[in-house]
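Reading through the structure tokens given below for one structure.
Proteins come first, then strands; the chains are lettered A, B, ... in the order of their sequence lines, and each starts at number 1.
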Amino acid sequence: MCEVCGCGDPEIVAVEVRESLLEGNDRRAAHNREHFGRHGIVAVNLMGSPGSGKTAVLEATAKAMGGLRLGAITADLATERDAERLRAAGIPSHAITTGSACHLDAALVHRALHEFPVADLDLLFIENVGNLVCPAIYDLGQAANVVALSVTEGEDKPLKYPVMFRRADLVLVTKTDLLPHLPNVSLAAIEEALGKVMPAPATIPVSAATGAGIPRWIEWIERRRREQDGRSRME
Amino acid sequence: MHEWGLVETLLRRAEEKASEHGATAVRRLTVSIGELAGVEPDLFEAAWLEFRAGTLCANAALEVRSVVAEWECPDCKAIVAAGGALRCAACRKPLRLRAGGEILLERMELEVP
Ligand SMILES: Nc1nc2c(ncn2[C@@H]2O[C@H](COP(=O)(O)OP(=O)(O)OP(=O)(O)O)[C@@H](O)[C@H]2O)c(=O)[nH]1
Ligand SMILES: [Mg+2]
Ligand SMILES: [Zn+2]
Ligand SMILES: [Zn+2]
Ligand SMILES: [Zn+2]
């Protein structure tokens, strides 16, 4: 009831909320991060366009990586193909079939963590849905965001999809073996575009086909792992 | 398409807030969407019109404020416009996004009987 005149109209109450619509996801991501931290797992959220070479990079990584215990969670819209490819490459993998969802979120990853034994892993790759927009918005609890950008996608992609690249800790420029066939694409142009959207640009050119650049990528992962180990010992 | 999920969250939170205050309807909602939030305001509003039926927001007005991206140096706090390298010219530090990444429910106007 309106207190001024008692007219019976409802009172209008203004409420300041200032709450992120991603808060629920961020809370669940923090919980996943605790899971990873407790088990000493470095989780890498691997994103990129459909067909940018995400699964192929992981296959090449499995071949070249010695010592670390790897696992993967893959987001497949309808099939388990990527998980099957990774298992064949020697990486225990769990498929999350997302149906029509255009990205993974922290709740989907959390459910996978309870269905798939990750406790004994050193490194968990989370291959996100192939999409250059939505996956960037959802924190999964990962230690690092890595984006696979293939040389055939064109060097303007970072400028067109700044939301994805601004959150990337590393961009793997993939399929570099194709560069000789692409006279108009140069690594320098790709790096220049990335410099405009990534505050701390970091790129490693790789080819899953020839294995070029894969050792540098593995070194990058191992450095992340040492950093995370150092941090958890300090806590 | 994730705009749909975000609108579902918005409607759920709006209903929770409304019942906390004993409201029978929501009259107005203000949402801020940053330029670098990865949300298409048009899709967001379309999803809003689609999903609000049957909720306390069925007749509510939605105001979407766009927030321009603003980068800042973590050290000297200088504000730098996007377009060039995202690094402070003075301190050489990578810039931090100060505004423009948010998707916020800012405020609501509730009808309380
Ligand atoms: N020449 C060349 N082709 C590659 C390379 N890496 C991947 N490809 C090809 O690119 C296509 C897509 O590779 P995937 O590894 O399936 O890409 P993806 O990003 O995992 O794809 P989605 O998961 O479906 O989004 C396949 O036909 C691969 O053979 C590479 O280094 N060089
Ligand atoms: Mg794949
Ligand atoms: Zn849990
Ligand atoms: Zn989406
Ligand atoms: Zn500075």
Side-chain angles (χ1 to χ4, degrees), chain A residues 1-3 7-27 47 77 98-108 129 131-139 158-159 161-169 191-202, chain B residues 1-14 16-18 20-40 44 69 71 73-74 80 82-88 93-97 100-113:
Chain A
M1 176 102 68
C2 165
E3 281 163 23
C7 62
D9 279 348
E11 199 181 339
I12 304 301
V13 177
V15 181
E16 296 299 324
V17 186
R18 283 203 68 81
E19 177 185 292
S20 170
L21 295 182
L22 292 170
E23 193 180 282
N25 185 75
D26 290 348
R27 208 168 341 105
M47 297 176 281
L77 292 180
T98 52
S100 63
C102 42
H103 56 266
L104 286 178
D105 63 25
L108 285 168
V129 181
N131 178 327
L132 267 184
V133 183
C134 320
I137 303 167
Y138 295 87
D139 186 6
L159 303 177
Y161 297 92
V163 176
M164 170 61 69
F165 291 96
R166 90 170 161 89
R167 290 169 186 265
D169 296 296
E191 282 171 9
E192 191 194 322
L194 286 170
K196 292 182 179 163
V197 291
M198 284 172 83
Chain B
M1 295 288 278
H2 54 288
E3 285 80 3
W4 292 21
L6 293 170
V7 166
E8 278 169 358
T9 306
L10 172 66
L11 287 166
R12 184 169 41 75
R13 289 301 290 144
E16 285 167 5
K17 285 279 166 195
E20 272 171 38
H21 289 83
T24 49
V26 177
R27 179 156 299 187
R28 192 179 183 81
L29 282 169
T30 308
V31 170
S32 291
I33 297 183
E35 181 185 3
L36 289 179
V39 175
E40 284 299 331
F44 192 88
W71 295 86
C73 171
V80 184
L86 296 176
R87 191 171 282 274
C88 177
K93 277 278 165 62
L95 302 175
R96 189 165 59 195
L97 191 66
E102 63 274 74
I103 313 170
L104 289 181
L105 168 55
E106 294 277 4
R107 62 193 301 273
M108 304 169 59
E109 284 175 24
L110 304 174
E111 293 180 13
V112 181

task: Give, as side chain, backbone, both or neither, the part of B:Leu10 having an atom under 4.5 angstrom from any heavy atom of chain A.
output: both

query: Which bit of B:Trp71 comes within less than 4.5 Å of chain A, counting heavy atoms only: side chain, backbone, both or neither?
result: side chain

Rounded distance (nearest 0.5 Å) linking atom CE of A:Met198 with atom CG of B:Leu95: 13.5 Å

message: Using heavy-atom distances under 4.5 Å, tell me whether A:Arg166 contacts chain B through its side chain, its backbone, both, or neither.
response: side chain

- prompt: Tell me, side chain or backbone of B:Glu106 under 4.5 Å from chain A's heavy atoms, or both, or neither?
  reply: both

Contact leader toward chain A among B:Leu97, B:Val7, B:Thr30, where contacts are heavy-atom pairs under 4.5 Å: B:Leu97

field: Which portion of A:Cys102 sits near chain B, non-hydrogen atoms under 4.5 angstrom
entry: side chain

task: Check each atom of A:Met164 against the heavy atoms of chain B and say whether the ones under 4.5 Å are side chain, backbone, both or neither.
output: neither

- prompt: Are any non-hydrogen side-chain atoms of B:Val112 and A:Pro10 less than 4.5 angstrom apart?
  reply: no

message: Please give me the minimum heavy-atom distance between B:Leu104 and A:Arg18, naming the atom from each residue.
response: CD1-NH2, 3.5 Å

query: Which atoms form the tightest heavy-atom contact between B:Arg87 and A:Pro201, and what is the distance?
result: NH2-CD, 4.1 Å

task: Could you list the residues that satisfy salt bridge (charged side-chain N to carboxylate O under 4.0 Å, His left out) with A:Asp139, not counting sequence neighbours?
output: A:Arg33

message: Which heavy atom of A:Pro199 sits nearest to which heavy atom of B:Pro94, and what is that distance?
response: O-CB, 3.4 Å

query: In terms of heavy-atom proximity below 4.5 Å to chain B, should A:Val133 be classed as side chain, backbone, both, or neither?
result: side chain

query: Under a 4.5 Å heavy-atom cut-off, does chain A meet the side chain of B:His2, its backbone, both or neither?
result: both

field: Check: A:Ile12 and B:Glu111 side chains under 4.5 Å, non-hydrogen atoms
entry: yes

query: Residues of residues 31-40 of chain B under 4.5 Å from chain A (heavy atom pairs)?
result: B:Leu36, B:Ala37, B:Gly38

query: Which bit of A:Ile137 comes within less than 4.5 Å of chain B, counting heavy atoms only: side chain, backbone, both or neither?
result: side chain

field: Residue A:Ala14 versus chain B: region with a heavy atom under 4.5 Å
entry: both

message: Counting only non-hydrogen atoms closer than 4.5 Å, does A:Tyr138 touch chain B with its backbone (N, CA, C, O), its side chain (CB onward), both, or neither?
response: side chain

